[in-house]
Amino acid sequence: MTINKKTIDGGWLARPCPEVASELIGCTLVRRLADGQIIRGAIVETEAYQEGDPACHGSRRRTPSNEAMFGPPGTIYVYLIYGMYNCLNISSDRADFASGVLIRALQLEKIPPGLEEKAKQGDRLAAGPGKLCLALQIDRSLNGQQLTVNETLWLEHRTPEFQQSLDNGENTIIQTTRIGISLGKDLPWRWYLANCPAVSRKGDKGDKRT
DNA sequence: ATCGTGATACAC
DNA sequence: TGTATCACGATT
């Protein structure tokens, strides 16, 4: 088989989720549909959740619905929120410890199949975790599966060009508090790319550069 | 600010 | 058995 050094593996994800979440900014999420069509987008917004954090779905009890958060790094956790939207997380750290990264927004490379009518939303077709799953046709049927290159879903490392844009200050990653939660509001575990139109929401004044 | 929508966890 | 809650998004 061909080794693809661009692909992110479980080893890279086997670290505390805040570290993984911040470094996933600029990486590419790739989805392959059943008919072989490929949808690609750069990750521009993430949040970290882990055991001990009251906002984490795995912070109370291990149940069938949050089981994937306890899976080995690279396990896909998809849950239904408010009865109509799916949200995608990638489990991190280690098995039997609830930990993962919520992928909140993508800068898509092109209009995904089925969304041609919504093309006027342009850069904002995957601006938010629910919209992202709609755009990539991700639902709970993926829950509990592993990321697998060239199959349904996988991740690729930052390109050298993107890394360079961070190093020379052309691009900036902002760290701030998470969105849409009632507990654990104070933890600064959200990251997004500054000045990116595909980010779900702009931050507050107090947001920090990293 | 409000509302749609449904699974789930936990109370009783 | 009921019911409060929810890592959202569109609309006003």
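Since this is a predicted model, take the numbers as computed values, not measurements. A, B, ... follow the sequence lines: proteins, then strands. Residue 1 opens every chain.
- Atom CZ of A:Arg140 and atom P of B:dT5 are 16 Å apart (whole Å).
- Rounded to an integer number of Å, the gap from NE2 of A:His57 to P of C:dC6 is 9 Å.
- Side-chain proximity of A:Leu80 to C:dC8, B:dT5, B:dA7: nearest is B:dA7.
- In this structure, of B:dC10, B:dG4, C:dA7, it is B:dC10 that holds the atom nearest to the side chain of A:Arg60.
- A stacked arrangement is not assigned to A:Tyr82 and the six-membered base ring of B:dG6, the conditions of a centre distance below 5.5 Å and an interplanar angle below 30° not being jointly met.
- A search for ring pair (Phe, Tyr, Trp, His ring centres under 6.0 Å) contacts involving A:Trp12 returns A:His157, not counting sequence neighbours.
- For the pair A:Arg104 and C:dC8, the criterion of a side-chain N or O lying under 4.0 Å from OP1 or OP2 is met.
- Using a 4.0 Å heavy-atom criterion, one finds that A:Gly83 contacts the bases of the nucleic acid, with or without backbone contacts as well.
- Between A:Glu67 and A:Arg62, at least one side-chain nitrogen of the basic residue sits less than 4.0 Å from a carboxylate oxygen of the acidic one, meeting the salt-bridge criterion.
- Taking the nucleotide of DNA chain C with the nearest heavy atom to each of A:Ala127 and A:Leu183, the more 5' of the two is matched to A:Leu183.
- In this structure, A:Lys131 atom NZ and C:dA7 atom C1' are separated by 17 Å, rounded to whole Å.
- Contact between A:Cys87 and A:Pro129 at its shortest, heavy atoms only, is SG-CB, 3.8 Å.
- In this structure, A:Arg178 satisfies the cation-pi test against A:Tyr49, with its NZ or CZ atom closer than 6.0 Å to the six-membered ring centre and inside 45 degrees of the ring normal.
- The base of C:dA7 sits with one of its N or O atoms less than 3.5 Å from a complementary donor or acceptor on the side chain of A:Tyr79.
- In this model, the phosphate group of C:dG9 is not approached by any side-chain N or O of A:Arg201 to a distance below 4.0 Å at OP1 or OP2.
- The side chain of A:Met84 lies closest to B:dT5, out of B:dC10, C:dC8, B:dT5.
- A:Glu23 and A:Cys27 get closest at one heavy-atom pair: O-SG, 3.4 Å.
- Going from atom CD1 of A:Ile179 over to atom C1' of C:dC8 covers 11 Å, rounded to whole Å.
- Per the geometry, OH belonging to A:Tyr85 stands 16 Å off P belonging to B:dA7, to the nearest Å.
- For A:Ala42, the side chain to side chain contact (heavy atoms under 4.5 Å, CB included) partners two or more places apart in sequence, or in a different chain, are A:Gln107.
- In this structure, A:Thr63 reaches the sugar-phosphate backbone alone: every heavy-atom distance under 4.0 Å involves primed, P, OP1 or OP2 atoms, never a base.
- Regarding contacts with the backbone of C:dC6, a side-chain N or O of A:Ser182 is found under 4.0 angstrom from either OP1 or OP2.
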**Report entry** Criterion side chain to side chain donor-acceptor pair (under 3.5 Å) on A:Thr7 and A:Glu156, from CA distance to verdict
**Finding:** CA-CA 4 Å; A:Thr7 305; A:Glu156 293 176 3; 5.5 Å; no
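- Between A:Leu29 atom CG and A:Leu24 atom CG the span is 9.5 Å, to the nearest 0.5 Å.
- Among the duplex regions that DNA chain C forms, those built from at least three successive Watson-Crick or G-U pairs under 3.5 Å are B:1-4 with C:8-11, B:6-11 with C:1-6, ordered by first number.
- Listed nucleotides: B:dA7, C:dA7, B:dA9. Nearest to the side chain of A:Ser65: B:dA9.
- Taking atom CD1 of residue A:Ile181 and atom C1' of nucleotide C:dT5, one finds them 14 Å apart after rounding to whole Å.
- Atom-to-atom, CZ of A:Arg178 to P of C:dC8 comes out at 11 Å; the value is rounded to the nearest Å.
- Protein atom CD1 of A:Ile81 is 12 Å distant from nucleotide atom C1' of C:dG9, rounded to whole Å.
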